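One structure is given here, and the rest of the page talks about it.
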Amino acid sequence: QIQGMPYGNCLLLSDGPVNNSTGIPFFYVTPKDNTVTDLLKNPMASLTLPEADGNFCRKNVIDPEDPRCARLTLMGQMVTVPPEEVEFAKQAMFSRHPVVRKWPRSYEWFFMKMNIEHIWLQSWYGEVSPIAVEE
């Protein structure tokens, strides 16, 4: 009914175990989720991460959704994690989100990651700064 229309979803993510962050977002997903079905047809996606845990917003008692709190938007293609990276993806996800180990196996969970192509940092009202992917 809404084919071709973009929409958002909340997914658990991890960029590596706590002591080995990579900057590459990994996701544990199921093909039963419409988001995943859509990504398998059109892998382009964006991911916005708020500065909810940053010191500035907490110290100044500012709502994390306030434009003065930075947000980072990653854009790129979502791909299935290749077999040689699955063990790292497991460590990344399960170390940060242990509850996923208990999710029902019948949902055919698998790992995806984002191949980042563009990064934008919004750190104030309406201002967006592009950041080189290499950084």
Side-chain angles (χ1 to χ4, degrees):
Q1 293 176 347
I2 60 168
Q3 287 185 5
M5 296 297 295
Y7 66 96
N9 196 353
C10 296
L11 300 173
L12 291 179
L13 72 108
S14 174
D15 73 337
V18 175
N19 61 349
N20 188 15
S21 294
T22 64
I24 299 167
F26 289 90
F27 304 85
Y28 194 46
V29 298
T30 173
K32 296 177 189 264
D33 183 333
N34 288 337
T35 302
V36 177
T37 303
D38 286 351
L39 288 170
L40 292 171
K41 290 178 188 171
N42 178 357
M44 298 307 294
S46 63
L47 169 66
T48 299
L49 304 166
E51 187 187 18
D53 296 328
N55 290 330
F56 175 79
C57 299
R58 191 175 326 143
K59 181 178 165 184
N60 293 293
V61 192
I62 299 174
D63 187 309
E65 293 181 18
D66 185 302
R68 294 172 288 175
C69 292
R71 61 197 73 170
L72 188 70
T73 301
L74 308 175
M75 293 159 276
Q77 292 193 39
M78 294 289 291
V79 298
T80 300
V81 170
E84 63 273 12
E85 289 183 47
V86 167
E87 192 54 42
F88 181 81
K90 274 185 193 176
Q91 291 173 8
M93 186 60 62
F94 296 166
S95 68
R96 293 190 188 245
H97 306 287
V99 70
V100 301
R101 290 179 192 264
K102 297 179 182 180
W103 287 0
R105 299 265 184 243
S106 61
Y107 281 74
E108 303 168 9
W109 301 99
F110 68 100
F111 292 96
M112 292 187 87
K113 68 178 182 176
M114 178 181 274
N115 287 336
I116 301 167
E117 297 174 14
H118 304 281
I119 303 172
W120 287 353
L121 177 65
Q122 181 178 357
S123 60
W124 203 249
Y125 298 98
E127 294 180 22
V128 176
S129 302
I131 297 175
V133 174
E134 299 76 31
E135 290 183 36

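This one's a predicted model, so the numbers in the text were calculated from it and none came from an experiment.
- Considering all non-hydrogen atoms of both residues, A92 and G16 come closest at CB-CA, 3.4 Å.
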Listed pairs under 3.5 Å, donor-acceptor, residues 75-84 side chains, sequence neighbours left out:
unit_1	atom_1	unit_2	atom_2	d
Q77	NE2	E117	OE2	3.3

Side-chain donor-acceptor pairs of residues 128-135 under 3.5 Å, sequence neighbours excluded:
none

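- Among pairs with a residue in residues 25-48, none fulfils salt bridge (Lys or Arg N to Asp or Glu O under 4.0 Å), at least two apart in sequence or across chains.
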- After noting the C-alpha distance and the side-chain angles of Q122 and T73, does the key distance pass the side chain to side chain contact (heavy atoms under 4.5 Å, CB included) rule? CA-CA 8 Å; Q122 181 178 357; T73 301; over 6 Å; no
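- Using a 4.5 Å cut-off between side-chain heavy atoms of Ile, Leu, Val, Met, Phe, Trp and Tyr, with links allowed through other members, Y28 and F88 fall into the same hydrophobic cluster.
- No path of Ile, Leu, Val, Met, Phe, Trp and Tyr side chains, each step under 4.5 Å between heavy atoms, connects V29 with V100, placing them in separate hydrophobic clusters.
- Using a 4.5 Å cut-off between side-chain heavy atoms of Ile, Leu, Val, Met, Phe, Trp and Tyr, with links allowed through other members, M112 and L49 fall into the same hydrophobic cluster.
- Closest of all the heavy-atom pairs between G23 and P25 is O-CD, 3.4 Å.
- Rounded to the nearest 0.5 Å, atoms CG (L121) and CG (L74) are 10.5 Å apart.
- In this structure E108 satisfies the side chain to side chain contact (heavy atoms under 4.5 Å, CB included) test together with P31, sequence neighbours excluded.
- Residues L12 and Y107 share a hydrophobic cluster, clusters being chains of Ile/Leu/Val/Met/Phe/Trp/Tyr side chains in contact below 4.5 Å.
- Paired with L47 under the rule side-chain contact (heavy atoms from CB on, under 4.5 Å), one option of L13, L11, I116 passes, and it is L13.
- Remark: W103 engages W109 in a ring pair (Phe, Tyr, Trp, His ring centres under 6.0 Å) (not counting sequence neighbours).
- Connection of L40 to M114 is established within a shared hydrophobic cluster, with ILVMFWY side chains joined at heavy-atom distances below 4.5 Å, either directly or through further cluster members.
- Atom CD of residue Q91 and atom OG of residue S14 lie 10.5 Å apart, to the nearest 0.5 angstrom.
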- Show your reasoning for whether side chain to side chain contact (heavy atoms under 4.5 Å, CB included) applies to V36 and T30. CA-CA 7 Å; V36 177; T30 173; 5.6 Å; no
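- Under the salt bridge (Lys or Arg N to Asp or Glu O under 4.0 Å) criterion, R96 pairs with D15, not counting sequence neighbours.
- For the atom pair CD1 of I24 and NZ of K113, the computed distance is 5.5 Å after rounding to the nearest 0.5 Å.
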